[in-house]
Amino acid sequence: MGGGIREKFRSSLCISGGNRRQPQTPPPSPDHAAGGDEGSGGTEGPDLLSALPDDVLILILGFLPSAAAAARTSVLSHRWRLLWTQLPVLLFVYPEKPLENAGVVAARTSARSLHGRRRRARMRGLRSSHSAPADPLLRAGAALAGHAAPEIRLLAIADIAADPDDADAVLLAAAPRLTGSLVLLFRFRVLEWIGATDVDAIELPCFEKAENIELNLAYLGLALPPSGVFDRLTALRLKKVQFQGPCNLGDAVSCNSWHPLPETMKLSLERTQTPSAHRTHARTR
Amino acid sequence: MAAPESGDGNNGAARMVTLISSDNTRFEVEAAAASLSQTLQLTILDGGGGGGDGIPLPNVDSATLSKVLEYCIKHAPAAANGGAPNATAVDRAELERFDNEFVNIDQSVLYSLIMAAHNLEIEGLQSLVAKKVADMIKGKSPMEIRRTLGFPDPTPEEQAEMNAHMLEYGWAYE
């Protein structure tokens with residue numbers, strides 16, 4: 001423990017040797033202080049909660065059941081509008097218990113009215129999905145578009161089924177920022193998408209900073225990146241995945257020969273299918 | 001180990017430290033309990049807080065500090081076992097019961113507590129209170145959340161802004 005850190009703790013406690021001081025003003029709240037919002041802090045009104053620093057409020061938001069629930073608090077004030085965007089953990093799970101209140105009818109209705117247009121809107125990508133309806137994957141896309149934290153420690157999406165295009169967009173948006181775990185679980189593959197001739201596989205971008213990836217794709221295809229390195233990956237768990245494309249698994253987790261598959265990495269394959277032309281070379285350890 | 005009552009383990013007598021709240025109340029507690037605070041732990045390891053000297057905590061009033069220490073004393077034995085790997089189910093159930101009771105308090109106290117836990121870096125207490133506050137928000141409409149958290153009712157302009165905002169965040173509502 002360095003002396004500098006100790007000094008910092010001392011000063012935060014106002015301990016200075018044997019001298020006791022009685023400062024009347026508390027030390028500045030750490031890190032976020034005023035939260036970067038215009039005039040936030042004292043302008044919140046008399047509610048006690050808003051007197052707490054941003055990182056405490058973010059901690060509280062982290063205990064909500066989903067990222068959507070956290071994002072809903074952004075309606076409270078300008079300051080709260082920014083808080084959820086700093087969450088390190090983003091959960092999108094179906095079915096989230098729906099809100100029963102009349103107060104959100106307007107928002108829900110606006111979402112519903114877009115339902116029919118959803119499939120077409122999907123192709124236009126995440127930028128237009130601000131008011132798109134919310135199955136977990138689409139929610140994740142919309143949330144990632146507004147989310148601003150530099151690091152995502154956990155992105156977990158559990159959906160009934162997935163449109164590969166939606167999944168691709170979400171994975172692409174998350175890949176640069178994900179430093180912890182990616183969990184993507186689907187229960188069914190939808191026949192409509194099986195019939196599609198062009199895109200039937202999810203393309204996994206290179207998650208350079210991810211430590212843990214777990215995918216259950218309900219036999220959707222999975223195309224591994226043709227190049228790129230999963231440098232930090234310590235565990236890869238694939239279930240009900242059909243491998244697509246020319247890249248074998250050993251190459252994907254270490255696409256460059258000078259980056260061999262780390263010996264310490266845990267690899268787990270369960271009920272995966274490989275097209276006969278492309279056998280995986282990696283062994284389950 | 002022959003005399004569990006005294007608490008005098010192999011590591012010598014249970015060391016006591018004194019903490020002084022912002023309103024100058026002195027609290028004497030076992031160092032092991034106070035050490036649940038990462039911040040205090042450093043000072044205590046350094047030999048601070050013993051004897052006539054106390055550790056002043058100018059940001060924590062006595063009501064809050066006594067509540068914080070109640071938590072620390074209850075959780076100290078489990079923490080000393082390194083997260084209680086050999087705690088029995090009964091012990092864990094008892095701690096859980098204690099925790100539930102413990103946060104069954106006024107909001108203003110909750111906020112003082114989480115602030116103190118934040119400053120003192122008592123991770124378990126921070127999480128416990130944060131979870132409690134999250135539970136108060138969970139499943140509520142924006143208006144209900146506002147009222148629960150003590151926000152004033154919105155003015156018509158604010159209401160209009162809220163409505164517009166909810167439309168923009170439609171994805172979070174369905």
Side-chain angles (χ1 to χ4, degrees), chain A residues 1 5-6 9-10 12-15 18 20-23 26-27 44-53 55-56 59-65 68-69 71-77 81 97-104 106-108 110-112 114 129-134 138-139 142-143, chain B residues 20 22 24 38-43 45-46 48-49 53-59 107-108 110-112 114-115 117-121 126-127 129-146 149-152 158 161-163 165-174:
Chain A
M1 197 54 68
I5 294 175
R6 205 163 278 191
F9 284 125
R10 281 178 181 283
S12 79
L13 284 169
C14 295
I15 302 164
R20 246 174 256 152
R21 285 177 287 145
Q22 288 294 338
E44 289 293 337
D47 68 289
L48 296 159
L49 189 62
S50 293
L52 300 176
D55 37 2
V56 173
L59 180 72
I60 291 170
L61 291 182
F63 280 96
L64 288 170
R72 288 196 287 268
T73 65
S74 64
V75 78
L76 287 172
S77 75
R81 198 171 280 216
K97 197 179 160 213
L99 282 171
E100 300 300 338
N101 296 290
V104 295
R108 261 197 249 166
S110 84
R112 282 235 177 80
L114 287 163
S129 60
H130 246 33
S131 45
L138 290 184
R139 270 189 170 170
Chain B
I20 306 166
S22 61
N24 268 321
Q38 295 291 309
T39 324
L40 290 175
Q41 193 178 44
L42 288 169
T43 312
L45 285 176
D46 250 5
D53 262 354
I55 303 173
L57 303 173
N59 298 322
Q107 268 185 62
S108 59
L110 278 179
Y111 302 150
S112 308
I114 199 171
M115 204 56 226
H118 179 69
N119 287 332
L120 293 168
E121 296 180 79
Q126 273 198 76
S127 299
V129 180
K131 187 171 181 309
K132 170 72 179 181
V133 178
D135 285 346
M136 290 161 26
I137 299 175
K138 207 157 69 178
K140 291 195 164 128
S141 73
M143 269 313 270
E144 287 170 331
I145 295 175
R146 286 185 77 96
L149 299 182
F151 279 75
E158 283 171 335
E161 201 182 328
M162 276 173 68
N163 290 344
H165 183 261
M166 284 163 69
L167 286 178
E168 184 193 330
Y169 271 68
W171 63 268
Y173 284 93
E174 189 177 350

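Remember, predicted model here, so these are calculated numbers, not experimental data. By convention in this document, chain letters (A, B, ...) are assigned in the order of the sequence lines, proteins followed by strands, and residues within each chain are numbered from 1.
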*Would you confirm whether A:Arg72, through its side chain, and B:Ser141, through its main-chain N or O, come within 3.5 Å as a donor-acceptor pair?*
no
*Give, as side chain, backbone, both or neither, the part of B:Gln126 having an atom under 4.5 angstrom from any heavy atom of chain A.*
both
*Taking A:Ile60 as the fixed residue, which of B:Ile114, B:Val129, B:Asp135 is the one that meets the side-chain contact (heavy atoms from CB on, under 4.5 Å) rule?*
B:Ile114
*Can you see which heavy atom on B:Met115 is nearest to which on A:Leu52, and at what distance?*
SD-CD2, 3.6 Å
_Tell me the closest heavy-atom pair linking B:Met166 and A:Val75, and the distance in Å._
CG-CG2, 3.8 Å
*Smallest separation among heavy atoms of B:Ala172 and A:Ala71, with atom names*: CB-CB, 4.2 Å
_Is A:Thr73 close to chain B through its backbone or its side chain, or both, or neither, when contacts mean heavy atoms under 4.5 Å?_
side chain
_Nearest 0.5 angstrom please: B:Arg146 CZ to A:Ser77 OG, how far?_
8.0 Å
*B:Met143, B:Glu158, B:Lys131: which one forms the most heavy-atom pairs within less than 4.5 Å of chain A?*
B:Lys131
*Atom OH in B:Tyr169, atom CZ in A:Arg139: separation rounded to 0.5 Å?*
13.0 Å
_Tell me the closest heavy-atom pair linking B:Pro142 and A:Leu76, and the distance in Å._
O-CD2, 4.4 Å
*Name the region of B:Ser127, side chain, backbone, both or neither, that has any atom closer than 4.5 Å to a heavy atom of chain A.*
both
*Which distance, rounded to the nearest 0.5 Å, do you find between the NZ of B:Lys132 and the CZ of A:Phe63?*
14.0 Å
_Validation row: A:Asp55, B:His118 side chains within 4.5 angstrom (heavy atoms)_ = yes
*Contact origin within B:Met162 toward chain A - heavy atom pairs under 4.5 Å*: both
_pair A:Leu138-B:Trp171: side-chain heavy atoms closer than 4.5 Å_ = no
